[in-house]
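Every number for a ligand or one of its atoms is a count from 1 in the order of the listing.
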Amino acid sequence: MFSKDDLLFKKKLDSLINKHLPEDWQEYPDETLDNHWELSKKIKKSLSEKKWIAPSWPIEYGGLDKSFTQSIILSETMSYRMAPGNDRFGVRMIGPTLLKYGTDFQKEKYLKRLAAGLNIGAFSLSEPQSGSDASNMITTAIKDGNNYILNGTKNWVTNGINSDLVLVFAVTKKGIGHKGISCFIVEKGLSGFECGKAENKLGIRASDTCELYFDNVKISKENRIGQEGEGFKIALSTLDGGRIGIASQALGIATASLNHSIKYSKEREQFGKPIANNQSIQFKIADMAMELEAARLLTWKAAWLKDHHKNFSALASMAKVYASEVAMRASTQCVQIHGGYGYIRETGVERLMRDAKITQIYEGTSEIQRVVIARSLL
Ligand code: COS
């Protein structure tokens, strides 16, 4: 199913997991990976030089023209060490949206800076009253000559504080449901555009999440992406790809959980022998490895379908649900294998469990993914 190039890319990246990334990341010991969301210049430079921030984008926009599958492999590799992975650059949602629906002017203006890590992106769809029921938003963008006037509140915005550019979905025509929603790219610094405080989250504390407030923010019509009324479909189609990205984050967390479990169970001795000698531990490790392989294949299949321009929406949802559940189980078992040592911050494995939880929630809960899957079958 996969090209030779995909497999070579994976092999190369695998060898980097234990070499290059930890070296780049070394100024962030585990406890700060949990609390520090401003990327150092060193990490930004290193990833930007390798063009690993947006590898699947065209070369002319700062990418490497790699397949989507390869970008998913990279995302897994980066999430192994730090759950938000290359999401810290906020390119996963904004890039595909601009590439598919943006004008040449918008692509030229924004993509290169994002791919170089000079700008950070964010995606804002949810509002306090509209989470899963995303089309029930009340933020408005009312046309005023060549501008739109934006008013409302967005929440759960990953990179909200750290970002320079935000995709904002807003109602341009009231009373017609999702057909009245449009999409805009909004730059930070505009008058009336404020960020709330960073949310005090359970996990993925290596990225910020906040509310965004728009109070009569004037945005040029040149910053509308796609046609008026096309916003909801843009959001859902971008989320389809994004969900494969979340599956890849979950794979990174599950792989880290498996590797920590193997290492610790071979080192830790009880009753005069390593705990890895006990079948109860062996079965946990075997289940983790088996489920991880299945989740990876499902995720790669969804990515492969996207690369080959086939309908991948339901597979993306399957990959997200399954990989996130695998990450949750694997990280919980990893803590269990570490016993009391797994339950304290210093060991670092409880972070995996906290980070895994969000993959079952953001970019559409597991329940919403099952709705998407069921609808595709029925
Ligand atoms: N891509 C493009 N268009 C899509 C689509 C997709 N994957 N899925 C549905 N659409 C279109 C439909 O064809 C429909 O268009 P028409 O009315 O022209 O036929 C339109 O979008 C509305 O579809 P639908 O009626 O199915 O929408 P619902 O309001 O029932 O919502 C769910 C569908 C629940 C699946 C959607 O709201 C969803 O994914 N919610 C979760 C949102 C989410 O992930 N939030 C987290 C964001 S991260 S901040």
Peer 1: May I ask you to decide if Ile138's main-chain N or O and Glu127's side chain share a donor-acceptor pair within less than 3.5 Å?
Peer 2: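 It does hold such a pair.
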
Peer 1: Under 4.0 Å from a heavy atom of Gly364: give me the atoms of ligand 1 that qualify, with their elements.
Peer 2: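 Here the atoms of ligand 1 in question are 43 (C), 44 (O), 46 (C).
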
Peer 1: Does atom 19 (O) of ligand 1 have a protein heavy-atom neighbour under 4.0 Å away?
Peer 2: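 No, there is none.
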
Peer 1: Nearest to atom 12 (C) of ligand 1, what protein heavy atom do you find, and at what distance?
Peer 2: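 Checked against all protein heavy atoms, atom 12 (C) of ligand 1 sits closest to Lys233 CE, 4.6 Å.
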
Peer 1: Could you check whether Lys50 makes a cation-pi contact with Trp52, meaning its NZ or CZ is under 6.0 Å from the centre of the six-membered ring and within 45° of the ring axis?
Peer 2: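 Yes.
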
Peer 1: Would you say Ser317 and Gln369 are linked by a side-chain donor-acceptor pair, where the criterion is simply a distance under 3.5 Å?
Peer 2: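 Their side chains do contain a donor-acceptor pair, which is all the 3.5 Å distance test asks for.
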
Peer 1: Would you say Leu239 contacts ligand 1, with heavy atoms under 4.0 Å as the rule?
Peer 2: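 Contact present.
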
Peer 1: Test: salt bridge (Lys or Arg N to Asp or Glu O under 4.0 Å). Region: residues 273-284. Which pairs qualify, not counting sequence neighbours?
Peer 2: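 For residues 273-284, and leaving out neighbouring residues, there are no salt bridge (Lys or Arg N to Asp or Glu O under 4.0 Å) pairs at all.
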
Peer 1: Strictly less than 4.0 Å: does any protein heavy-atom distance to atom 35 (C) of ligand 1 fall in that range?
Peer 2: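 Within 4.0 Å: yes, protein heavy atom nearby.
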
Peer 1: Give a yes or no answer on whether the side chain of Asp208 reaches the backbone of Ile161 with a donor-acceptor pair at less than 3.5 Å.
Peer 2: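 Confirmed, Asp208 side chain pairs with Ile161 backbone.
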
Peer 1: Could you grab the distance from atom CG of Leu305 to atom CZ of Phe312, nearest 0.5 Å is fine?
Peer 2: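 Answer for the CG-CZ pair, Leu305 versus Phe312, is 9.0 Å.
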
Peer 1: Under 6.0 Å between the ring centres of Phe123 and Phe169?
Peer 2: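 Distance test on ring centres: under 6.0 Å, yes.
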
Peer 1: Does ligand 1 have any atom that is closer than 4.0 Å to a heavy atom of Tyr362?
Peer 2: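 No, Tyr362 has no heavy atom closer than 4.0 Å to ligand 1.
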
Peer 1: Identify, for atom 49 (S) of ligand 1, the protein heavy atom at the shortest distance, and state residue, atom and that distance.
Peer 2: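 The protein heavy atom lying closest is Ser126 OG, 3.6 Å.
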
Peer 1: Does only the side chain of His178 get under 4.0 Å from ligand 1, or the backbone, or both, or neither? Count heavy atoms.
Peer 2: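 The part of His178 near ligand 1 is the side chain, not the backbone.
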
Peer 1: Identify, by atom number and element, the atoms of ligand 1 in contact range of Val372, meaning under 4.0 Å from any of its heavy atoms.
Peer 2: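 Under 4.0 Å from Val372, ligand 1 has these atoms: 35 (C).
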
Peer 1: Do Tyr61 and Leu114 pass the side-chain contact (heavy atoms from CB on, under 4.5 Å) test, and can you show the C-alpha distance, the side-chain angles, and the key distance before you say yes or no?
Peer 2: CA-CA 9 Å; Tyr61 296 126; Leu114 285 162; over 6 Å; no

Peer 1: What residue and atom, counting heavy atoms only, is the protein's closest point to atom 9 (C) of ligand 1, and at what distance?
Peer 2: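 Minimum-distance protein heavy atom for atom 9 (C) of ligand 1 reads Leu236 CD1, 3.4 Å.
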
Peer 1: What residue and heavy atom of the protein are closest to atom 37 (O) of ligand 1, and at what distance?
Peer 2: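 Going by distance alone, atom 37 (O) of ligand 1 is nearest to Ser132 O, 3.4 Å.
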
Peer 1: Please report which non-hydrogen protein atom sits nearest to atom 7 (N) of ligand 1, along with the residue it belongs to and the distance in Å to one decimal place.
Peer 2: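 Its nearest protein heavy-atom neighbour is Asp240 OD2, 2.8 Å.
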
Peer 1: How far is atom 44 (O) of ligand 1 from its nearest protein heavy atom, and which residue and atom name does that atom have?
Peer 2: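 Ranking protein heavy atoms by distance from atom 44 (O) of ligand 1, first comes Arg243 NH2, 2.9 Å.
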
Peer 1: Could you give the distance from CD1 (Ile246) to CD1 (Ile244), rounded to the nearest 0.5 Å?
Peer 2: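 CD1 of Ile244 is found 11.0 Å from CD1 of Ile246.
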
Peer 1: What is the closest protein heavy atom to atom 33 (C) of ligand 1, and at what distance does it sit?
Peer 2: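 Atom 33 (C) of ligand 1 sits closest to the protein heavy atom Arg375 NH1, 3.6 Å.
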
Peer 1: Is the Tyr148-Phe184 ring centre distance short of 6.0 angstrom?
Peer 2: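 Distance test on ring centres: under 6.0 Å, yes.
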
Peer 1: Can you list the atoms of ligand 1 that are under 4.0 Å from a heavy atom of Lys179?
Peer 2: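 Close to Lys179: 16 (P), 17 (O), 18 (O).
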
Peer 1: Starting from atom 29 (O) of ligand 1, what is the nearest protein heavy atom, named by residue and atom, and what distance separates them?
Peer 2: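 Answer, as residue, atom name and distance: Ser135 OG, 3.9 Å.
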
